[in-house]
Amino acid sequence: MSPEPVTVLHRDDWLLVVLKPSGLLSQPGRGPELQDSLISRVQRLDADLHLVHRLDRDTSGLILLARGRESLRRCSTLFAERRVSKLYEAEVRGRLRGRGRIENRLARLQRNPPRYGSHPEGRRAVTLWRTRSLRHGSTQLWLRPITGRSHQLRAHLAELGHPILGDPIYAENPVGPLRLHACALALTHPFTGERLRVCSPEGSSSPA
């Protein structure tokens with residue numbers, strides 16, 4: 001169980017944006033030891049909240065929740081139509097300069113643990129990346145996923161030859177937590193029509 005609390009960054013009559021700590025499941029898994037999760041915790045306070053999307057257990061950052069079925073339907077439509085912009089911070093192995101685009105077809109290659117990679121019968125996956133800063137032996141990146149496939153950022157960076165530091169599946173000899181953080185979320189509010197942009201507080205991201 002993650003000892004960190006779930007922090008609320010935005011709240012209105014229809015939407016909630018929270019900061020998920022690394023190590024906490026987005027939703028319960030199989031087995032009694034995997035019942036603690038983000039949605040379990042928030043539903044104890046408001047049973048009408050629903051996950052609109054998910055983050056991997058080891059990924060920290062912003063998650064959007066919808067209050068009520070109509071809000072869930074509208075938010076799910078925004079995600080399906082790719083009208084939600086998400087920005088991530090990551091720290092990867094090696095030095096990577098400039099910017100680029102990663103596009104392939106991703107499929108699950110193994111089940112336990114789940115691992116994804118390029119496969120001709122996979123689903124199209126697109127990630128934009130840009131260098132944020134160079135460090136000794138590593139690089140901090142901005143990542144913008146255009147599609148939302150399982151493990152997309154982790155698999156894409158690993159196939160590029162720059163796995164995310166701390167990744168227990170895609171990196172060799174990982175040390176410390178996964179250095180991947182969902183730091184910003186932007187969308188047109190499905191009820192008010194106003195532009196909503198939420199950013200995680202300074203210092204709350206995984207990359208140090």
Side-chain angles (χ1 to χ4, degrees), residues 2 20-39 51-64 76 79-82 84-132 137-183 185 205-207:
S2 169
K20 186 187 84 67
S22 175
L24 180 66
L25 291 166
S26 292
Q27 62 186 16
R30 296 181 178 179
E33 74 282 4
L34 298 176
Q35 294 309 294
D36 182 42
S37 69
L38 173 77
I39 190 61
L51 282 174
V52 180
H53 63 119
R54 295 178 295 277
L55 293 176
D56 297 337
R57 176 172 59 183
D58 296 322
T59 303
S60 62
L62 305 185
I63 288 190
L64 176 67
S76 297
F79 271 86
E81 295 176 351
R82 296 177 187 165
V84 179
S85 178
K86 295 175 286 182
L87 183 67
Y88 289 73
E89 298 171 340
E91 186 171 359
V92 302
R93 187 186 69 195
R95 294 170 73 82
L96 188 59
R97 298 177 183 272
R99 63 179 64 207
R101 175 187 176 99
I102 307 168
E103 181 170 357
N104 65 358
R105 305 191 75 84
L106 280 181
R108 185 166 61 183
L109 305 180
Q110 71 178 42
R111 287 188 173 272
N112 191 22
R115 184 184 183 99
Y116 291 76
S118 295
H119 192 281
E121 297 181 2
R123 302 176 69 188
R124 177 174 174 264
V126 181
T127 299
L128 305 180
W129 63 267
R130 179 167 59 87
T131 299
R132 181 186 181 194
S138 67
T139 305
Q140 285 190 311
L141 296 177
W142 297 116
L143 302 173
R144 189 177 298 279
I146 304 303
T147 55
R149 310 305 179 206
S150 295
H151 286 205
Q152 176 177 312
L153 300 179
R154 300 165 66 179
H156 270 174
L157 271 298
E159 291 198 357
L160 196 63
H162 298 274
I164 299 173
L165 298 183
D167 195 319
I169 297 176
Y170 298 93
E172 295 182 7
N173 304 315
V175 176
L178 178 69
R179 312 289 280 179
L180 179 63
H181 178 74
C183 60
L185 186 69
S205 60
S206 289

Any heavy-atom pair between the side chains of [Y] and [X] that's under 4.5 Å?
| X | Y | answer |
| --- | --- | --- |
| N104 | H156 | yes |
| R54 | Q27 | yes |
| T127 | R144 | no |
| Y88 | L55 | yes |
| L25 | D36 | no |
| I39 | P28 | yes |
| I146 | L128 | yes |
| V92 | L165 | no |

Counting distance only, does the side-chain N/O of [X] pair as donor-acceptor with the main-chain N or O of [Y] below 3.5 Å?
| X | Y | answer |
| --- | --- | --- |
| R149 | R124 | yes |
| Q152 | A155 | no |
| T131 | L96 | yes |
| E89 | A182 | no |
| R115 | I169 | yes |
| D167 | Y170 | yes |
| H162 | R93 | yes |
| S118 | L106 | no |
| Q35 | G29 | yes |

### Message
How close do P174 and G166 get, counting heavy atoms only, and between which atoms?
### Response
CB-C, 3.7 Å
### Message
Tell me the closest heavy-atom pair linking P168 and R154, and the distance in Å.
### Response
CD-NH2, 3.8 Å
### Query
Do R57 and S26 have side-chain atoms, one donor and one acceptor, less than 3.5 Å apart?
no
### Query
If we ignore angles and hydrogens, is there a donor and acceptor under 3.5 Å between the side chains of D58 and S22?
no
#### Entry: Working for side-chain contact (heavy atoms from CB on, under 4.5 Å), residues R130 and L141
CA-CA 6 Å; R130 179 167 59 87; L141 296 177; over 6 Å; no
### Query
Can E121 and R105 be counted as an ion pair, charged N to O under 4.0 angstrom?
no
### Task
Answer yes or no: does atom CZ of R95 have more than 12 heavy-atom neighbours from other residues, nucleotides or ligands under 6.0 Å?
yes
Straight-line distance of [X] [atom1] to [Y] [atom2], nearest 0.5 Å:
| X | Y | atom1 | atom2 | answer |
| --- | --- | --- | --- | --- |
| K20 | L62 | NZ | CG | 11.5 Å |
| L153 | L143 | CG | CG | 5.5 Å |
| L87 | W142 | CG | CH2 | 5.5 Å |
| E81 | S76 | CD | OG | 11.0 Å |

### Query
What do the steps show when you test T139 against E91 for side-chain hydrogen bond (donor to acceptor under 3.5 Å, both in side chains), and what is the final call?
CA-CA 6 Å; T139 305; E91 186 171 359; over 6 Å; no
### Query
Should W129 and L157 be marked as a side-chain contact (heavy atoms from CB on, under 4.5 Å) after you check the CA-CA gap, both sets of side-chain angles, and the distance that decides it?
CA-CA 9 Å; W129 63 267; L157 271 298; 5.8 Å; no
### From CA spacing to verdict: side-chain contact (heavy atoms from CB on, under 4.5 Å), V52, F79
CA-CA 8 Å; V52 180; F79 271 86; 3.5 Å; yes
